[in-house]
Amino acid sequence: MRDTVLMDESPAAGAGNGEGAPIDVRRLLVIHNPTAGRRRARRLRAVVARLEARGLSVAVRPTTKRGDAEAFAREADPADIDAVVAAGGDGTINEVINGLSVHADAGRPLPLGIVPMGTANVLAAELGLTTDPERVAAAIAGGRRTMIWPALANGRVFSLMAGVGLDARVVERVDPRVKRLIGKGAYVAETLVQLATRPDHRYRVTLDEGDGWGEPQEVASVIVAKGHFYGGRFICAPDARLTEPALHVCLFPRGGRLNALRYVWGVTAGRLARFPEYRVVTAKRVRIEGPAGDGLFADAVQGDGDVLARLPVEITLAGWRLPVLAG
């Protein structure tokens, strides 16, 4: 087992490393989450106007319910569309990536473009994207690709991280209405609620580094990271890179409310590296088991800021890579 060195907090490498020559992007499908609000809707209109001014054909499909973004991306025909653009937060982007996974797995990957419009925009931060409409349009129209390596949690795709424990409980319980009103503050408020009320569950984490499953380890929380940033621009796995085929497993061993509060402070203050018991290790596969319970009563697994699965969960690398327009 190799412990990852906890070093600098510089942005993730690989954000500008396109693979191969730029592709010719002429026809776009934009999948838009219309609940983002007026200011973000204006941003999308500005991006679309700039894309059309560059001669691109842009079709915009708004979502009306959960699952629409995934279905629209899955239905996109690579013969008719050059790229699919996700206009929304990390949850909308995750849905689009799950839809695009069908094409990538079949060997006909459709590139993903991103118009950041969410609360945290973690994937955009990983890729070095801004919210400036001109720069967003330039990145999409330029056709330069960064090949990212997603992962699977019980078959569901995530590109950034999957978590079990406190963060998954917060994601599961946060009120969407409060989130729309106060943004990241909704997560802070729900974290405080969960710190006060959440049972002190323990989880068994088993790693496969490529030579078979090791011995289970008991932890209070675990985050399996594909990317550098967490929950915005906080850092749990400083060496993780979207472009690399490795899972970075962040282990939070100590239980109890005081230690949970200590870990929250460590993440937000950038001090996790100073906690002697905290470790980040790399693996090819991860199995996480938890307290008794099944179906809807089992503990949640959050992925990219949404509930993706329930315990027990097996997390593996996807067998394909996804091109993202981030040049």
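Every heavy atom of this structure was used, including side-chain atoms; hydrogens, water molecules and symmetry mates were not.
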Check: Going from CD1 on I315 to CG on D208, what distance comes out if it is rounded to the nearest 0.5 angstrom?
Finding: 13.0 Å
I'd like a table of donor-acceptor pairs (distance under 3.5 Å, sequence neighbours excluded) in which one partner is a side-chain atom from residues 219-226, with atom names and distances.
{"unit_1": "S221", "atom_1": "OG", "unit_2": "L166", "atom_2": "N", "d": "3.3"}
{"unit_1": "K226", "atom_1": "NZ", "unit_2": "W149", "atom_2": "O", "d": "3.2"}
{"unit_1": "K226", "atom_1": "NZ", "unit_2": "R241", "atom_2": "O", "d": "3.3"}
{"unit_1": "K226", "atom_1": "NZ", "unit_2": "E244", "atom_2": "O", "d": "2.8"}

Check: R50: what forms a side-chain contact (heavy atoms from CB on, under 4.5 Å) with it, not counting sequence neighbours?
Finding: A46, P133, E134, A137
Note to self: Would H201 and R169 count as a side-chain contact (heavy atoms from CB on, under 4.5 Å) here? Give the steps.
What the structure shows: CA-CA 11 Å; H201 288 174; R169 186 79 169 181; 5.7 Å; no
Next item on the list: Quick one: list whatever passes side-chain hydrogen bond (donor to acceptor under 3.5 Å, both in side chains) with D175, sequence neighbours left out.
Entry: R177
Check: Does L181 sit in a hydrophobic cluster with other residues, and if so which ones, taking ILVMFWY side chains as linked at heavy-atom separations under 4.5 Å, directly or through other members?
Finding: V178, I182
Notebook entry, point to check: Does D82 reach the main-chain N or O of R27 with its side chain, forming a donor-acceptor pair under 3.5 Å?
Noted result: yes
Check: Would you say the side-chain atoms of N98 and N94 include a donor-acceptor pair closer than 3.5 Å?
Finding: yes
Checklist line | Spacing of K284 atom NZ and E209 atom CD [to the nearest 0.5 Å] | finding: 10.5 Å
Check: Mind checking what makes salt bridge (Lys or Arg N to Asp or Glu O under 4.0 Å) contact with E70, not counting sequence neighbours?
Finding: R74, R156
Next item on the list: Could you pull out all residues at least two apart from W265 that satisfy side-chain contact (heavy atoms from CB on, under 4.5 Å)?
Entry: A269, R271, F275
Checklist line | Pairwise side-chain contact, V115 with V30, heavy-atom cut-off 4.5 Å (strictly under) | finding: no
Notebook entry, point to check: For T64, which residues count as a side-chain contact (heavy atoms from CB on, under 4.5 Å) partner, sequence neighbours excluded?
Noted result: D68
Checklist line | Those residues that, when tested against V188, pass side-chain contact (heavy atoms from CB on, under 4.5 Å) (two or more places apart) | finding: none
Item checked: Same apolar cluster (I L V M F W Y, side chains within < 4.5 Å links), V122/F234 -> yes
Note to self: Using the side-chain hydrogen bond (donor to acceptor under 3.5 Å, both in side chains) criterion, which residues pair with H103? Sequence neighbours excluded.
What the structure shows: none
Next item on the list: With sequence neighbours excluded, tell me which residues meet side-chain hydrogen bond (donor to acceptor under 3.5 Å, both in side chains) with R108.
Entry: none
Check: How would you list, by chain and number, every residue that makes a side-chain hydrogen bond (donor to acceptor under 3.5 Å, both in side chains) with E215, sequence neighbours excluded?
Finding: none
Next item on the list: Only counting residues at least two apart or in another chain, list the ones meeting ring-ring contact (aromatic ring centres under 6.0 Å, His included) with F252.
Entry: Y263, Y278
Notebook entry, point to check: Going by an N to O cut-off under 4.0 Å, is there a salt bridge joining E190 and R173?
Noted result: no
